[in-house]
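Values below: all heavy atoms of this structure, side chains included; hydrogens, waters and symmetry mates excluded.
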Amino acid sequence: MTKSSVLRAGLVAVLLSTTSAAFAADIVEPVVYTPIFTWTGFYVGIVGGYNWGRVHADFEHSDFDGHHHANGGLIGGTAGYNYQFDNNVVLGLETDLAWSGNRGDTDGCRDGNFDCDSKNGWLGTTRARLGYAYDRFLPYVTAGAAYGHVRFSTFDHNDESRVSDSDTRFGWAAGTGLEYAFTDQLTGKVEYMYTDLGRHDFRGHEDDNARVRWTANSIRFGLNYKF
């Protein structure tokens, strides 16, 4: 091989290596896109917890009162919808309906010969929720309507007679909570709720009426499936 042939071969090799390096430099590594979690969507779930209730009974013709605690657990179902805005604000609507074990009583509520007792059989709410999403964490506040079935009774030891009255009451509820998304579909929450079912007119023994008010503080836990 002549000297000129060797020179030409070397020149070709240099050109080929330079071209290959330039071509390799133009190759861009593919970008792996990880979707950002969003709270937008419908969901259904279960809710449970405990109520610390209070019944306020004021009788018209007696200096005594029937105030007592009415505590108990609750368990039921929930459904709702969230919409997450571009600024991470989350606005939602949620409704739930639960069995309630709230019960309570007091001795000598109207006078020394009367006992009072109460029961809240079921409880539901329909509320707006407003929160701010920190990725999979969602702290929120909530408020709206509350409704439930209540019963109030008095027992007269003089003639061993009982008078009971029940009604479906409507009021309001408000609270705050924190929800976390374990997966894109499964979320869990813990929340505090205050519920006021308003006042109920009770007609007692010998037309001795009372105004009965039902309130409760609740700690609730929920597990939701997001569609």
Side-chain angles (χ1 to χ4, degrees), residues 45-80 93-128 142-177 191-222:
I46 57 175
V47 63
Y50 195 82
N51 290 323
W52 289 269
R54 181 74 171 165
V55 177
H56 310 259
D58 296 315
F59 289 89
E60 292 181 356
H61 306 300
S62 174
D63 294 333
F64 290 80
D65 60 60
H67 298 359
H68 59 265
H69 294 283
N71 305 330
L74 65 92
I75 186 168
T78 186
L93 181 67
E94 182 174 277
T95 185
D96 56 65
L97 186 63
W99 166 86
S100 171
N102 281 23
R103 293 174 180 268
D105 59 70
T106 185
D107 298 333
C109 63
R110 181 175 173 270
D111 59 42
N113 295 314
F114 277 78
D115 297 338
C116 297
D117 63 82
S118 63
K119 178 183 178 181
N120 171 212
W122 58 265
L123 182 65
T125 67
T126 298
R127 297 167 283 102
T142 180
Y147 32 89
H149 189 266
V150 295
R151 186 193 70 196
F152 187 79
S153 305
T154 59
F155 180 76
D156 186 352
H157 289 279
N158 291 320
D159 56 12
E160 296 188 347
S161 62
R162 175 178 294 274
V163 176
S164 295
D165 190 13
S166 62
D167 193 14
T168 298
R169 300 298 307 156
F170 293 87
W172 60 275
T176 184
E191 63 186 7
Y192 161 78
M193 193 77 64
Y194 176 82
T195 305
D196 187 336
L197 292 179
R199 298 184 182 276
H200 169 61
D201 291 323
F202 171 78
R203 183 173 295 277
H205 290 77
E206 300 178 356
D207 295 329
D208 190 358
N209 300 334
R211 295 279 285 170
V212 184
R213 183 185 177 194
W214 308 76
T215 62
N217 294 278
S218 308
I219 296 295
R220 297 146 55 108
F221 302 89

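Between C116 and F59, some side-chain heavy-atom pair lies under the 4.5 Å cut-off.
The side-chain contact (heavy atoms from CB on, under 4.5 Å) test applied to D196 returns W172, Y194, R213, T215, not counting sequence neighbours. Partners of T142 by side-chain contact (heavy atoms from CB on, under 4.5 Å), not counting sequence neighbours, listed by chain and number: R127, R129, Y140, M193. In terms of the side-chain contact (heavy atoms from CB on, under 4.5 Å) criterion, residue partners of I219 (sequence neighbours excluded) are, by chain and number, W52, Y192, F221. Applying the side chain to side chain donor-acceptor pair (under 3.5 Å) rule to R211 yields the partners D201; only residues at least two apart in sequence or on another chain are considered. For T126, the side chain to side chain donor-acceptor pair (under 3.5 Å) test picks out T95, Y147, with sequence neighbours left out. Not counting sequence neighbours, the partners of S100 by the side chain to side chain donor-acceptor pair (under 3.5 Å) test are N102, N120. When the side chain to side chain donor-acceptor pair (under 3.5 Å) test is applied to R169, the partners found at least two apart in sequence or on another chain are D167.
Between the CD atom in E94 and the OG1 atom in T125 there is a gap of 6.5 Å [rounded to 0.5 Å]. To the nearest 0.5 Å, atom CG of residue D105 and atom NZ of residue K119 are 13.5 Å apart. In this structure, CG in L123 is found 12.5 Å from NE2 in H149, a value given to the nearest 0.5 Å.
In this structure, A146 and T195 approach most closely via the heavy-atom pair CB-CG2, 3.7 Å. Of all non-hydrogen atoms in S153 and R162, the two that sit nearest each other are CB-NH1, 3.5 Å.
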Side-chain donor-acceptor pairs of residues 68-77 under 3.5 Å, sequence neighbours excluded:
unit_1 : atom_1 : unit_2 : atom_2 : d
H68    : ND1    : G66    : O      : 2.7
H68    : NE2    : S118   : OG     : 2.8
N71    : OD1    : G53    : N      : 3.1

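Heavy-atom neighbours of R103 CZ from other residues, nucleotides or ligands within 6.0 Å: at or below the threshold of 12.
Each salt bridge (Lys or Arg N to Asp or Glu O under 4.0 Å) pair with one or both residues in residues 143-154, not counting sequence neighbours, appears once here: D117-R151.
Ring geometry, F152 versus W214: the interplanar angle exceeds 60°, so the pair is classed perpendicular (tilted spans 30 to 60°).
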